[in-house]
2 protein chains.
Amino acid sequence: MNDAYLDHASATPVKKEVLEAMLPYFSDQFANPSNIYDIGSEIKSVVDEQRAKVAELIGAKAEEIIFTSSGAEANNLAIKGVGFAHQKKGKHVIVSSIEHHSILNSARFLERMDFEATFLPVDEHGYVDPERLVKVIRPETILVSVMHANNEIGTVEPISELAAVCKEKGIIFHTDAVASAGNINVDVDELNVDLLSLSGASLGAPKGIGALYFRKNLRLMPLIHGGIQENGRRAGTENVPGIVGFGKAAELAKDKLSVKEPYVRKLRDQLIDGVLQQIEKVTFTGHPEKRLPGHASFCFEAIEGESLIFMLAQNGIYSNTGSACASKALKTSPVLGAIGIRADLAQGSTVFTINDNNTSEHIDYVLAKLPPIVARLRSISPIWGKKIPEGEEGVCT
Amino acid sequence: MNDAYLDHASATPVKKEVLEAMLPYFSDQFANPSNIYDIGSEIKSVVDEQRAKVAELIGAKAEEIIFTSSGAEANNLAIKGVGFAHQKKGKHVIVSSIEHHSILNSARFLERMDFEATFLPVDEHGYVDPERLVKVIRPETILVSVMHANNEIGTVEPISELAAVCKEKGIIFHTDAVASAGNINVDVDELNVDLLSLSGASLGAPKGIGALYFRKNLRLMPLIHGGIQENGRRAGTENVPGIVGFGKAAELAKDKLSVKEPYVRKLRDQLIDGVLQQIEKVTFTGHPEKRLPGHASFCFEAIEGESLIFMLAQNGIYSNTGSACASKALKTSPVLGAIGIRADLAQGSTVFTINDNNTSEHIDYVLAKLPPIVARLRSISPIWGKKIPEGEEGVCT
């Protein structure tokens with residue numbers, strides 16, 4: 001069915017070895033890890049082994065990993081958990097303006113709780129300038145969150161520099177590594193971060209499992225209160241099969257990274273070069289060099305991204321608009337707005353995310369199908385070839 | 001290995017049909033249900049079919065179900081979500097004193113957020129008296145939460161009466177049905193509740209999936225902010241395999257309930273009668289009639305529950321202490337404290353939860369093994385046969 005699935009940032013098939021590792025933990029070894037008897041404590045050991053594997057992927061210690069149900073939950077736990085636990089010190093948080101919605105909306109939630117939030121602007125490549133960060137830090141700033149890599153435009157941020165700014169001032173630093181882990185090296189010490197979010201699904205584990213790394217002894221208010229699972233930091237019976245899948249996927253991701261990175265980079269460059277050579281009036285979005293190896297993102301002029309996605313899908317090519325947009329209101333992705341993409345152009349946003357199960361033939365196939373589809377959509381576009389009058393470009397929000 | 005697994009309230013094996021239903025959604029039909037293209041929207045339809053099945057189990061509409069990662073998350077979403085969304089009306093919540101920790105600690109979290117919380121006492125059977133509820137309601141009360149059935153002592157609460165009290169006064173009513181769903185009839189209209197929590201795991205779905213029912217149009221602040229999954233009420237990519245498992249488990253639970261209920265009730269009564277006949281100085285805890293059909297709970301005098309659990313497990317019998325207790329401090333379960341069980345007696349708490357995969361032979365086996373184990377533990381107990389001096393019984397906290 002999937003001739004060329006190039007939407008790995010949205011969803012990735014569970015790896016065969018991952019599912020195999022999980023299978024015994026549904027019906028056979030099903031006990032609750034909180035139980036004191038043998039079959040319970042055996043499962044607890046299994047959970048802790050996976051904790052060590054996930055920690056190893058990012059250079060952390062097992063006891064610094066809190067399992068969550070998703071990257072979104074990890075992001076919520078980081079922002080709200082630090083906010084509520086450290087509010088006596090100050091009630092100001094800074095997040096970049098191109099964060100995932102789970103960060104942006106957690107910061108907005110804190111605003112409703114009488115915190116102040118600064119949404120830090122980025123440059124035209126979506127890059128967060130450490131000097132810009134310095135300028136918005138206040139004495140009451142307790143937390144800064146900047147994502148390691150952006151899922152929509154692929155830009156990789158200068159996390160260690162940003163974190164150094166914060167460390168100097170005693171401010172807690174969080175990064176969302178959902179898009180980067182398994183694609184580039186992620187090491188909590190090199191990045192110098194206090195908290196880091198992960199999603200199992202993006203590593204080939206199933207949906208429904210994530211993790212938050214927190215530097216040992218960092219105080220954190222739980223998001224889910226209740227029992228003392230995850231050392232009192234996240235209540236609820238552990239998702240044992242999901243955790244086992246996550247552990248296996250983290251292990252595989254670590255082993256394969258050095259081979260995967262150059263492999264997908266080559267495919268990505270093949271795609272980018274082909275698109276820019278064969279199609280006119282295309283804006284390549286995100287940072288030209290500092291970007292995820294498997295990430296290619298474009299805005300095609302005079303095209304509705306959704307129509308393009310549909311027509312590509314009819315040909316077995318799966319890609320993404322990056323973010324849903326309400327075309328009537330010319331409301332575009334906040335990320336594309338933040339990097340200054342004109343609203344009409346942002347409508348034509350299309351994102352391809354490549355994984356190591358893709359091949360050069362997939363890219364050839366996309367390069368054969370995409371140009372005629374773009375040409376066809378432009379031929380029926382009311383704005384193709386017309387200059388948008390000044391002031392009517394729409395507003396990026 | 002499991003000669004007699006009688007700890008189904010802690011964990012239940014995933015049913016064969018449930019795992020089979022889930023398998024295609026790991027590696028084959030893996031797309032993200034938020035995606036607009038065909039393979040994404042097909043998964044969205046699958047998710048919504050499961051939503052309808054879960055709704056059907058409790059007499060609700062599909063659009064009234066929010067999938068969560070656990071019963072604990074559903075409880076947190078109910079308490080905090082109502083608290084934050086309705087705080088302009090008032091900042092007082094009432095929960096029974098025998099609620100699950102995810103309710104008790106969510107209420108305590110609201111106290112830290114300048115709410116007031118009342119922990120409503122129960123009678124000696126753990127029963128919540130509607131007249132007692134009336135007395136603690138204030139003009140600023142916005143939410144009452146009382147569990148449908150208690151996991152530690154099996155008591156089934158008079159939810160429809162308690163909810164009627166609240167409805168009359170315009171107060172939102174939540175019930176935690178994690179222990180009851182699949183064991184007794186759970187119907188949101190009969191119970192007259194506004195919110196109801198479920199766990200997939202207790203129905204034979206895997207760990208890592210739960211749901212919150214909310215009556216249509218009820219305002220709720222999300223616990224996990226981010227994207228617009230679950231109609232904007234719970235962010236994060238949907239746990240598709242878990243949701244499919246939950247749907248199947250809910251369907252099976254509904255189909256089997258009328259057969260399961262009398263079946264496990266008979267086994268339970270066989271166990272209770274046998275224990276009370278064969279062992280002296282045993283207190284049967286919870287309500288004698290209004291209790292879960294598969295739930296038998298006891299406190300054995302002069303015994304450490306943990307030792308009993310271990311010795312039973314050595315014989316392949318799996319049961320629970322009900323709640324972990326720090327024996328040195330004579331700190332007992334808050335539930336047993338709330339029903340007035342003496343602290344030294346509460347140490348000997350043992351809970352058996354029976355499911356339809358248990359047989360009469362399992363109960364015979366327990367009744368053969370349990371009395372000599374109790375006798376042996378009592379023979380080495382420093383307090384067996386001694387009267388605990390007045391004032392030295394310890395305090396239940």
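Here is how names work: the chains are called A, B, and so on, in the same order as the sequence lines, proteins then strands, and each is numbered from 1. In this text, all values refer to a predicted model and were calculated from it rather than measured experimentally.
- Top candidate by heavy-atom pairs under 4.5 Å with chain A, chosen from B:Val18, B:Asn239, B:Asn76, B:Leu23, is B:Asn76.
- Of all heavy-atom pairs between B:Ser106 and A:His225, the closest is N-CB, 4.1 Å.
- Contacts of B:Thr12 with chain A are made by backbone atoms alone, with heavy-atom separations under 4.5 Å and no side-chain atom involved.
- Within the 4.5 angstrom heavy-atom criterion, no atom of B:Thr68 approaches chain A.
- Using a 4.5 Å heavy-atom cutoff, the side chains of B:Tyr5 and A:Ile39 are in contact.
- Of the two parts of A:Leu19, only the side chain, counted from C-beta on, holds a non-hydrogen atom closer than 4.5 Å to a non-hydrogen atom of chain B.
- Between A:Pro241 and B:Met22, every side-chain heavy-atom pair lies at or beyond the 4.5 Å cut-off.
- In this structure, the side chain of A:Ser27 engages the main chain of B:Val14 through a donor-acceptor pair within 3.5 Å.
- Between the CD1 atom of B:Ile224 and the CG atom of A:Asn105 there is a distance of 13.0 Å, given to the nearest 0.5 Å.
- Between A:Tyr25 and B:Lys207, every side-chain heavy-atom pair lies at or beyond the 4.5 Å cut-off.
- For a residue to count as touching a neighbouring chain, one of its non-hydrogen atoms must lie under 4.5 Å from one of that chain's; by this rule A:Asn32 touches chain B with backbone and side chain alike.
- Enclosure of atom NZ in B:Lys369 is not indicated, since only 12 or fewer non-hydrogen atoms of other residues, nucleotides or ligands lie within 6.0 angstrom.
- Rounded to the nearest 0.5 angstrom, A:Asn320 CG and B:Ile36 CD1 are separated by 7.5 Å.
- Scanning all heavy atoms of the two residues, the minimum distance from B:Gly227 to A:His101 falls at N-CB, 4.0 Å.
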Test log, rule side chain to side chain contact (heavy atoms under 4.5 Å, CB included), inputs A:Ser70 and B:Gln229: CA-CA 13 Å; A:Ser70 63; B:Gln229 293 93 348; over 6 Å; no
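- When heavy atoms are compared at a cutoff of 4.5 Å, A:Phe26 approaches chain B by way of both its backbone and its side chain.
- For the pair A:Asp7 and B:Tyr37, the minimum side-chain heavy-atom distance is below 4.5 Å.
- Chain A is approached within less than 4.5 Å, heavy atom to heavy atom, by B:Lys80, B:Phe84, B:Gln87 from residues 79-88 of chain B, ordered by number.
- If you tally non-hydrogen atom pairs under 4.5 Å between each of A:Glu238, A:Arg234, A:His100, A:Met221 and chain B, the highest count goes to A:Met221.
- With rounding to the nearest 0.5 Å, the separation of CD1 in A:Ile309 from CG in B:Asn35 is 8.5 Å.
- For the atom pair CD (B:Gln314) and CG (A:Asp38), the distance works out to 8.5 Å, reported to the nearest 0.5 Å.
- Listed by chain and number, the residues in a salt bridge (charged side-chain N to carboxylate O under 4.0 Å, His left out) with A:Lys44 are A:Asp48 (sequence neighbours excluded).
- Heavy atoms closer than 4.5 Å to chain B are found in the side chain of A:Arg112, but not in its backbone.
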